[in-house]
Amino acid sequence: MSQKTEKHEFQAEIQQLLDIVIHSLYTDKEIFIRELISNASDACEKLRFHQTSGKSIHEPDVELKISIATDDNANTITITDTGIGMTRDELVENLGTIAHSGSKAFLKQIAEGKEKPNANLIGQFGVGFYSAFMVAEEVKVHTRSCDADKPGHTWISKGAGTYEIEETPDCPRGTRIFIKLKEDDKDFAQKTRVESIIKQYSNFVTFPIELNGEVVNKVSAIWTRSKSEVKEEEYKEFYHYIGHDHEDPLTRLHFSADAPLAIQSLVYVPAKNMENLGISRSESEVHLYCRKVLIQSKAEGLFPEWLRFLKGVVDSEDLPLNISRETMQDSALMQKLNKVLTTRFLKHLDELSRKDSESFYKIYDQYHKFLKEGVATDFTHRDNLAKLLRFESSTQDKDARTSLKDYIERMPEGQNEIYFLLASGRDAAEQSPYLEVFKAKKYEVLFLYDPIDEVVMDHLGQFEEKSLTSAEKADLKIEDEDKKTEQLSDEDAEALAKWAKDKLGDKVESVRISTRLVNSPAVVLDSDKTMTAGMRRMMKSMNQDLGPVKVDMELNPRHAIVSQLHAMKSSNEILATKVAEQLYDNARLAAGMVEDPKTMVNQLNQLLEQVLTASK
Ligand code: ADP
Ligand code: MG
């Protein structure tokens, strides 16, 4: 070096940092390329800003770009930008002192033993430049500020204690970082290796990145552009690329916000729910960027678990810069992002359901299970999720589905709760004895066909302050005017109930007179008020031992079978007992409590025999 060479010592903290970088980091070393490209991109961005502010700059016509050159004979890699460059003082300040809060936080974290040193931390804490020393035997920085009056400089260091600076007059504007690779790390002098690293981390950097003279980043970061500027085709193309999916997505949300956090995000819903195909649990494929540079691929915690089917990107410059990088680790910040993003996405689905119900239902059909999982597990978003639920209902056409909100709007005066009925399908629901009282009162009942739906309703509890109640548990009465004339007197009915309980014995917990039945002679209800037949079936399928089912039976005093049974119990008690047992079995069958209907055949045959004998 010439006589103008100055020797400097690294600040103690920087040396400490360098020691960690050089001696303790063995994995993910490739991120040094991401970090240097990120710095180069920042430098270009700063220059562009300078240009727009009208200041005079050195070499104003030089194109803003990043060039990378590899040399696998000399084992070197060089990263050059035409950005803002550094003056001598800036070199000392930026590459020799701990002026950056990020570096301080990084050291503190490691000193406190909170984190084992690892390369990923480097990016998060903004010690980016020093990451070059993970792979470098020596780093040489040639830089010239855009300030026309300032000369260029060269900065050299091996990372051990000192660095040297000398003036380099014929330096072009910008910064060139020349790395002589360590023997063990010479694969970073391989073009193909470097190319795949650039594609992985830096594909969306706005400035062209040339590798050995060829531009390698071809996909633009469309999420940072305004919606009106992005063409439909570009959205699709970007999805195909980032989602590794050849099908078009079902919907997308391109959204940006300044407060409470600066967010630019573009997320898509894939056409197919992979979990439906039984492959495996989906893993979120939303990647976290900071100003177009990948910070974390498949970032955990950006969205709740139940939105794990989303694919796309979230870019937030707040994370590493304004709030300082260490807070990126801070889960409170991640939770804040998560909440904003999730709320916005649910709003998008809600809007879609009104503006384009066909698209909404395509999404719903693929992903309703995830939304229901959300209702059951995520209190924060429960109410917004509930708005998206859709069910068939007793008053709507088959296949037409209703929202809870629309259901409430149709509720007649006097109805205060939302009712639902779990059944195996539409026909079963319509023929269910539990539905009769609702038909008589002209109350709508939602039809649920999946036991999960009942669990969802249970978790939800209420919607817009209306309780969600199982039709099996509803406390409703058919009013006097609905009653038929030939009904049993209250006294006779009570006597019949008592007699039936006596005959059925332990099979039933109790027998009472029903106020809810119209066309069915009898119904059974789980005596456990918190349990419906569907829940019981589901728990059983999960091998949960619930003990024997205890049921209450209700008899319909308005039904011909019941009134005749009353008469028969005095005239032919044996046959009457058989009929009562059969009524009980039929009711259990209707309630879906009979696991093997074949067991009923014997009983039925006995009954037929009695009937034939009696009528001889
Ligand atoms: P950060 O990028 O988070 O600030 P780095 O350690 O990556 O931290 O870089 C430290 C500083 O060095 C940067 O803030 C910047 O001022 C300066 N710097 C690094 N690389 C360049 C470059 N290519 N051009 C201009 N300045 C640079
Ligand atoms: Mg940096």
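Every heavy atom of this structure was used, including side-chain atoms; hydrogens, water molecules and symmetry mates were not. Ligands are counted one by one from 1 in listed order, and the atoms in each one are counted from 1 as well.
- Within the set Asn94, Leu47, Thr82, the minimum heavy-atom distance to atom 12 (O) of ligand 1 is found for Asn94.
- Between Lys65 and Glu210 there is a salt bridge, since at least one side-chain N of the basic residue sits less than 4.0 Å from a carboxylate O of the acidic one.
- Ion pairing between Asp42 and Arg291 holds under the 4.0 Å rule for side-chain N and carboxylate O.
- Those atoms of ligand 1 with a heavy atom of Leu95 less than 4.0 angstrom away are 12 (O).
- Distances between N or O atoms of Asp81 and those of ligand 1 include at least one value under 3.5 Å.
- Counting heavy atoms under 4.0 Å from ligand 1, residue Glu35 does not touch it at all.
- For a distance bound of 2.8 Å, the N, O or S atoms of Ser38 include none lying that close to the Mg ion (ligand 2).
- Proximity annotation for atom 22 (C) of ligand 1: of Thr175, Ile79, Thr80, Thr175 comes nearest, heavy atoms only.
- Cation-pi contact between Lys292 and Phe204: absent, since separation from the ring centre below 6.0 Å together with deviation from the ring axis within 45° is not met.
- For Tyr235 and His254, the gap between ring centers is short of 6.0 Å.
- Atom CD of Glu237 is surrounded by 12 or fewer heavy atoms from other residues, nucleotides or ligands within 6.0 Å.
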